[in-house]
Amino acid sequence: MVDSDILLLAIVNMAEGVKNLIGDKGAKAVLRDAGRQSGPKLLESLIGHFPEVLPKEEALRRACIILEDLGFAKKIERADSEVRIEEDIFTDAITNGNLIESPVIYFFAGLIEGFVSFMSDEKITLVPESVEKGRIIYKYA
């Protein structure tokens with residue numbers, strides 16, 4: 001069995017490899033879409049068909065709780081048009097330069113967006129506002 005820390009490093013390095021291959025903007029778009037696509041599939045594999053359609057804000061609140069319970073971060077909460085993430089798994093694994101420019105930050109945003117789309121008929125777009133080791137803040141509208 002592969003160690004989860006090794007797998008995480010592989011994902012972060014894969015994201016950087018995509019950036020080197022297709023450029024910064026392309027990598028961010030591809031990784032965000034990968035998160036949007038994998039989020040609903042992950043939730044469906046965990047809980048099956050979602051029995052109800054939730055309003056966007058409630059879907060986001062539940063997405064934060066589920067991602068926190070799955071271990072993506074110690075704390076994920078929604079407040080004032082922001083998603084605040086503390087002690088996440090991704091930022092410590094990023095070793096190259098400016099954290100906010102890492103495509104894996106966009107993968108995480110896409111994952112949250114995918115969770116919301118699975119539970120709601122509404123879409124949401126998260127934009128990284130602040131990223132540092134152990135802390136991410138996304139804005140959304």
Side-chain angles (χ1 to χ4, degrees), residues 1-96 98-141:
M1 192 76 160
V2 176
D3 180 88
S4 60
D5 289 335
I6 298 298
L7 186 57
L8 178 60
L9 286 172
I11 290 168
V12 170
N13 288 326
M14 178 270 309
E16 291 300 322
V18 171
K19 181 177 176 178
N20 292 337
L21 182 66
I22 64 173
D24 184 50
K25 288 182 181 180
K28 289 174 182 176
V30 166
L31 271 286
R32 179 189 294 275
D33 194 57
R36 284 179 179 159
Q37 298 293 319
S38 63
K41 290 178 181 172
L42 175 59
L43 265 181
E44 188 172 29
S45 70
L46 293 170
I47 63 175
H49 176 73
F50 201 71
E52 60 185 313
V53 177
L54 301 173
K56 178 175 70 174
E57 289 292 325
E58 178 61 17
L60 180 57
R61 187 187 72 77
R62 290 190 192 186
C64 292
I65 292 168
I66 293 167
L67 285 163
E68 190 178 296
D69 287 346
L70 290 174
F72 281 89
K74 186 172 185 176
K75 185 175 185 181
I76 305 175
E77 62 185 359
R78 172 189 60 82
D80 300 327
S81 302
E82 293 181 343
V83 174
R84 296 176 176 269
I85 301 167
E86 302 289 336
E87 295 183 45
D88 68 285
I89 61 170
F90 293 112
T91 55
D92 281 340
I94 299 169
T95 58
N96 296 345
N98 189 353
L99 299 178
I100 201 166
E101 294 300 318
S102 174
V104 80
I105 299 302
Y106 289 81
F107 171 76
F108 199 15
L111 193 62
I112 296 167
E113 294 164 358
F115 273 43
V116 170
S117 74
F118 182 78
M119 295 183 274
S120 173
D121 282 339
E122 301 177 66
K123 294 190 186 288
I124 188 169
T125 301
L126 283 85
V127 177
E129 179 178 87
S130 171
V131 181
E132 56 192 62
K133 293 283 184 189
R135 186 168 182 256
I136 304 170
I137 298 174
Y138 293 108
K139 282 279 197 192
Y140 71 91

Does some side-chain heavy atom of [Y] sit less than 4.5 Å from a side-chain heavy atom of [X]?
{"X": "K56", "Y": "S120", "answer": "yes"}
{"X": "D88", "Y": "F72", "answer": "no"}
{"X": "L9", "Y": "D5", "answer": "no"}
{"X": "I136", "Y": "I105", "answer": "yes"}
{"X": "I85", "Y": "L67", "answer": "no"}
{"X": "S38", "Y": "F107", "answer": "yes"}
{"X": "L99", "Y": "F90", "answer": "no"}
{"X": "M14", "Y": "V18", "answer": "yes"}

From [X] atom [atom1] to [Y] atom [atom2], the distance as rounded to the nearest 0.5 Å:
{"X": "L70", "Y": "L43", "atom1": "CG", "atom2": "CG", "answer": "7.5 Å"}
{"X": "I124", "Y": "R78", "atom1": "CD1", "atom2": "CZ", "answer": "9.0 Å"}
{"X": "I100", "Y": "T91", "atom1": "CD1", "atom2": "OG1", "answer": "12.0 Å"}
{"X": "I11", "Y": "I6", "atom1": "CD1", "atom2": "CD1", "answer": "12.0 Å"}
{"X": "E87", "Y": "D92", "atom1": "CD", "atom2": "CG", "answer": "9.0 Å"}

Least distance between heavy atoms, [X] atom then [Y] atom:
{"X": "E57", "Y": "Y140", "result": "OE1-OH, 2.9 Å"}
{"X": "F118", "Y": "G48", "result": "CZ-O, 3.4 Å"}
{"X": "E16", "Y": "P103", "result": "OE2-CD, 3.4 Å"}
{"X": "A59", "Y": "M119", "result": "O-CE, 3.3 Å"}

Quiz item: Should E101 and K19 count as an ion pair when the cut-off is N to O under 4.0 Å?
Solution: no

Quiz item: Is the Y138 ring parallel, tilted or perpendicular to the F108 ring (thresholds 30°, 60°)?
Solution: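 Perpendicular: the ring planes of Y138 and F108 meet at over 60°.
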
Quiz prompt | Contacts of type side chain to side chain donor-acceptor pair (under 3.5 Å), residue S117, not counting sequence neighbours | solution = none

Quiz item: Within a radius of less than 6.0 Å around NZ of K139, do more than 12 heavy atoms belonging to other residues, nucleotides or ligands occur?
Solution: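 Correct, the count exceeds 12.
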
Practice problem: Please test V83 against I76 for side-chain contact (heavy atoms from CB on, under 4.5 Å), starting from the C-alpha separation and ending with a verdict. | Solution: CA-CA 7 Å; V83 174; I76 305 175; 3.9 Å; yes

Self-check item: Residue pair V30, Y106: steps toward the side-chain contact (heavy atoms from CB on, under 4.5 Å) verdict
Solution: CA-CA 9 Å; V30 166; Y106 289 81; over 6 Å; no

Exercise. Without swapping roles, check the side chain of E113 against the backbone of R36 for a donor-acceptor pair under 3.5 Å.
Key: no

Quiz prompt | Any donor-acceptor N/O pair, S81 side chain to A141 backbone, under 3.5 Å | solution =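 A pair under 3.5 Å: no.
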
Exercise. Would you please name every residue forming a salt bridge (charged side-chain N to carboxylate O under 4.0 Å, His left out) with E58, sequence neighbours left out?
Key: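 In terms of salt bridge (charged side-chain N to carboxylate O under 4.0 Å, His left out), with neighbours along the sequence ignored, E58 is linked to R61, R62.
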
Exercise. Determine which pairs satisfy side-chain hydrogen bond (donor to acceptor under 3.5 Å, both in side chains) with at least one residue from residues 121-137, sequence neighbours left out, and list them in order.
Key: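 Qualifying pairs, neighbours excluded: E86-R135.
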
